[in-house]
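First up is the structure itself, then whatever we jot down about it.
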Amino acid sequence: LYDNDETPGQLHLFLSYPLQFSQFISLKFLSLTSISSESILTNIITNLHSLRHLTHLKILQCQVDHKIINNGWIFDQIWRLRSLIHCSFH
């Protein structure tokens, strides 16, 4: 999911549909790029637990308040994912 100049509003459009992460039962790889909303990133991270087969997660170029990153909450949530074997955060 991208939210940058080349795909403006893509993330908001995706999140506007009445979908739940639990509907993506076979999703193994998720890449989040250029998210600038702390509430959207927090919402996504909170709901990752329903992706039971997620093995790879990339979070790239997200421009959010470093407090939510530095306090460790995001990483605690990510590493609680049972199937996750690779995560990159840049």
Side-chain angles (χ1 to χ4, degrees):
L1 297 174
Y2 293 90
D3 197 18
N4 60 22
D5 292 337
E6 294 178 20
T7 56
Q10 181 187 48
L11 183 60
H12 292 286
L13 181 62
F14 175 79
L15 294 174
S16 72
Y17 287 99
L19 300 171
Q20 295 179 353
F21 277 83
S22 60
Q23 290 177 282
F24 299 97
I25 57 173
S26 297
L27 187 69
K28 293 183 178 186
F29 186 97
L30 180 62
S31 179
L32 305 169
T33 304
S34 300
I35 296 174
S36 58
S37 168
E38 183 177 317
S39 63
I40 288 176
L41 182 60
T42 300
N43 182 31
I44 292 171
I45 297 295
T46 301
N47 286 290
L48 288 177
H49 72 279
S50 62
L51 301 175
R52 294 186 176 143
H53 299 285
L54 186 69
T55 58
H56 291 74
L57 176 65
K58 282 187 179 181
I59 301 174
L60 308 168
Q61 302 169 354
C62 292
Q63 301 151 357
V64 296
D65 187 352
H66 289 282
K67 290 178 187 176
I68 70 166
I69 295 169
N70 292 338
N71 74 10
W73 177 85
I74 285 179
F75 299 110
D76 288 343
Q77 296 300 309
I78 290 171
W79 290 115
R80 288 182 184 167
L81 302 172
R82 294 181 182 207
S83 299
L84 193 69
I85 57 173
H86 179 79
C87 179
S88 59
F89 194 99
H90 300 282

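Model, not experiment: these values are computed from the prediction.
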Exercise for the section: Using side chain to side chain contact (heavy atoms under 4.5 Å, CB included) as the criterion, list what pairs up with Asn43, not counting sequence neighbours. Expected result: Asn47

Practice task
Taking the side chain as every heavy atom from C-beta outward, state whether Leu54 and Leu48 have any atom pair closer than 4.5 Å.
Solution key: yes

Problem - All side chain to side chain contact (heavy atoms under 4.5 Å, CB included) counterparts of His56, not counting sequence neighbours - result: Phe29, Ile85, His86

Handout entry: N/O donor-acceptor pair under 3.5 Å between Thr55 side chain and Lys28 backbone
Key = yes

Practice task
List in chain and number order the residues that pass side chain to side chain contact (heavy atoms under 4.5 Å, CB included) with Ile78, two or more places apart in sequence or in another chain; answer none if no residue qualifies.
Solution key: Ile45, Leu57, Ile59, Ile74, Leu84, Cys87

Handout entry: Cluster check Trp79, Leu81: I/L/V/M/F/W/Y, side chain < 4.5 angstrom
Key = yes

Problem - Those residues that, when tested against His53, pass ring-ring contact (aromatic ring centres under 6.0 Å, His included) (two or more places apart) - result: none

Practice task
Would you kindly confirm whether Leu60 and Leu41 end up in one hydrophobic cluster when ILVMFWY residues are joined by side chain heavy atoms under 4.5 Å apart?
Solution key: no

Problem - side-chain hydrogen bond (donor to acceptor under 3.5 Å, both in side chains) involving Ser39 - partner list, sequence neighbours excluded - result: Ser37

Completion exercise
Tested for side chain to side chain contact (heavy atoms under 4.5 Å, CB included) against Glu38, the lone hit among Ile35, Ile40, Thr42 is Thr42

Handout entry: Minimum heavy-atom distance Ser22-Ser50, with the two atoms named
Key = N-OG, 3.4 Å

